[in-house]
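A short worksheet on the structure shown next.
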Amino acid sequence: MLRKYADFLLVLVALSWGSTFILVKKAIEDLPAFSFLFVRFFLAFLLMYVFFHKKIEIDKKILKASLILGFLNFSAYALQTVSLYYLPSNIVAFLTGLFVIFTPVSAYFFFKKEIPKKVIIAAILAFLGIYFLTQAKFAFSIYVFLVILCAFFYALHINFTDIFSKKYNIFSLVTFQFLFVAIFSLFLIPFEDLHNIKISFTVVFAIIITVVFATVFAFFVQTFAQQFTTPTKTAIIFALEPVSAAFLGAFFGESLNIKQIIGGILVVISMIIAEI
């Protein structure tokens, strides 16, 4: 029952992340990417600390684990958020979805788990999917590469969350992970253009939604649920994120033609082949 409950919660996490793509894309037009990430994760840290300070432990091993998760999380979000400046949200969402293939691959290199032949087939399908999805215009754009790199960090985050969630206090892991993401973001704010910042309704709304649902709720649930399920199952459930984001993007006016739909389907099929 706990495994089924955990899987259901992970579905909610995937949908909450997918539904915020458009919101974040619009918000970073008024508030630069790293400024947005700093506000989002620092407020998430404060919320966690205020509500769960009695359950939070401070320990060197926990802080080290939180630093690793925070670095991986920051790397993924920073690359993804910056890419949203230059690519449609549906493209970013589907390319981010490659983490489902990268999860078992990184498990092999870092944790010595074998890669089944089906994963190689899935990787080829995913590449074809990316080709169709990006409309063959990918004279391999740097931003396409950045999102693929984001997917790699995302996969590492899932694998390391699986390990740490079974070892350490999850309240501490989540809380200090948020703090480290905020600190990393803060270091990069001076490199942004801060002259045209607008604290618009879109920015405030995006911050509230992402802090409460896509950060505090989502990462706490992920860390909790991964105690009762595997990285593989987590990854396949999270495949719902790019699917929901892409179709939500189409609903709000971003173009999604037949080739892109075929590409998206190939990426999703590759995810399923890699993980089932």
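All values below come from the heavy atoms of this structure, side chains included, with hydrogens, waters and symmetry mates left out.
- For residues 160-186, the salt bridge (Lys or Arg N to Asp or Glu O under 4.0 Å) pairs, not counting sequence neighbours, are Asp162-Lys166.
- Among all heavy-atom pairs drawn from Phe191 and Phe187, the shortest one is CE1-O, 3.8 Å.
- With sequence neighbours left out, Phe205 forms a side chain to side chain contact (heavy atoms under 4.5 Å, CB included) with Leu23, Phe201, Ile209.
- Within the model, atoms OG1 of Thr175 and CG of Leu179 stand 9.5 Å from one another, a figure rounded to the nearest 0.5 Å.
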Practice task
Take Gln80 and Thr96 through the test side-chain hydrogen bond (donor to acceptor under 3.5 Å, both in side chains) and record every step on the way to the result.
Solution key: CA-CA 8 Å; Gln80 185 186 74; Thr96 300; 3.2 Å; yes
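- Within the 4.5 Å cutoff, the side chain of His157 has heavy atoms near those of the Gln222 side chain.
- Between Val181 and Phe178, the closest side-chain pair of non-hydrogen atoms is not below 4.5 Å.
- Summarising the geometry, atom OG1 belonging to Thr103 is positioned 10.5 Å from atom CG belonging to Leu98; distances are rounded to the nearest 0.5 Å.
- The closest side-chain heavy-atom distance from Asp59 to Leu63 is not below 4.5 Å.
- Scored by the side chain to side chain contact (heavy atoms under 4.5 Å, CB included) test, Ser172 finds Ile56, Glu57, Ile62, Asn169, Phe176 as partners (sequence neighbours excluded).
- Using bins of under 30°, 30° to 60° and over 60° for the plane-to-plane angle, the ring pair Phe99/Tyr154 lands in the tilted bin.
- Between Val82 and Phe34 there is a side-chain heavy-atom pair separated by less than 4.5 Å.
- Here the closest heavy-atom approach between residue Ala151 and residue Leu95 is recorded as CB-O, 3.7 Å.
- Partners of Phe38 by ring-ring contact (aromatic ring centres under 6.0 Å, His included), not counting sequence neighbours, listed by chain and number: Phe42.
- Here the two rings, on Tyr77 and Phe153, have centers that are 6.0 Å apart or farther.
- Taken together through direct or relayed side-chain contacts under 4.5 Å among Ile, Leu, Val, Met, Phe, Trp and Tyr, Leu31 and Tyr86 form part of one hydrophobic cluster.
- Every residue meeting the side chain to side chain contact (heavy atoms under 4.5 Å, CB included) condition with Ile208, not counting sequence neighbours, appears here in chain and number order: Val204.
- For Phe217, the ring-ring contact (aromatic ring centres under 6.0 Å, His included) criterion is met by no residue, not counting sequence neighbours.
- Rounding to the nearest 0.5 angstrom, the gap separating the CD1 atom in Ile68 from the CZ atom in Phe160 is 6.0 Å.
- Considering only heavy atoms from C-beta on, Val39 comes within 4.5 Å of Leu43 through its side chain.
- The nearest pair of heavy atoms linking Ile170 to Ser165 is CG2-O, 4.0 Å.
- Sorted by first and then second residue, the side-chain hydrogen bond (donor to acceptor under 3.5 Å, both in side chains) pairs involving residues 61-72 (not counting sequence neighbours) form an empty list.
- Under the ring-ring contact (aromatic ring centres under 6.0 Å, His included) criterion, Phe228 pairs with Phe224, sequence neighbours left out.
- Shown here are the ring-ring contact (aromatic ring centres under 6.0 Å, His included) partners of Phe74, two or more places apart in sequence or in another chain: Phe184.
- Across all their heavy atoms, Cys150 and Ala76 have their closest contact at SG-O, 3.3 Å.
- For the residue pair Pro231 and Asn159, the shortest heavy atom distance occurs at CB-OD1, 3.8 Å.
- Contact between Leu146 and Ser83 at its shortest, heavy atoms only, is CB-OG, 3.7 Å.
- Remark: Ile258 CD1 is loosely packed, at most 12 non-hydrogen atoms of other residues, nucleotides or ligands lying under 6.0 Å away.
- Phe51 and Val221 end up in the same hydrophobic cluster when Ile, Leu, Val, Met, Phe, Trp and Tyr side chains are linked at under 4.5 Å.
- Two residues are said to be in side-chain contact when any heavy atoms from C-beta on lie closer than 4.5 Å; Phe220 and Met48 meet this criterion.
- Taking 4.5 Å as the limit, some side-chain heavy atom of Gln226 sits within range of a side-chain heavy atom of Ile158.
- Screening residues 192-219 for side-chain hydrogen bond (donor to acceptor under 3.5 Å, both in side chains), with sequence neighbours left out, gives Asp30-Ser200, Ser35-Glu192, Arg40-Thr215, Asp193-His195.
- Between Phe41 and the options Phe180, Phe36, Phe219, a side-chain contact (heavy atoms from CB on, under 4.5 Å) holds for only Phe219.
- Phe110 meets the side chain to side chain contact (heavy atoms under 4.5 Å, CB included) test with Ser106, Phe152, Leu156; sequence neighbours excluded.
- A distance of 8.5 Å separates CD in Gln177 from CG in Leu72, rounded to the nearest 0.5 Å.
- Atom CG of Leu69 is separated from atom OG1 of Thr223 by 7.0 Å, given to the nearest 0.5 angstrom.
- The cluster map of Ile, Leu, Val, Met, Phe, Trp and Tyr, joined by side-chain heavy atoms under 4.5 Å apart, puts Phe102 and Ile121 in different clusters.
- Taking the ring centroids of Trp17 and Phe213, they lie at or beyond the 6.0 Å cut-off.
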Handout entry: Verdict with reasoning, Tyr143 to Val147, per side chain to side chain contact (heavy atoms under 4.5 Å, CB included)
Key = CA-CA 6 Å; Tyr143 305 111; Val147 187; 5.6 Å; no
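- Separating the CG atom in Leu37 from the CG atom in Leu186 is a distance of 12.0 Å, to the nearest 0.5 Å.
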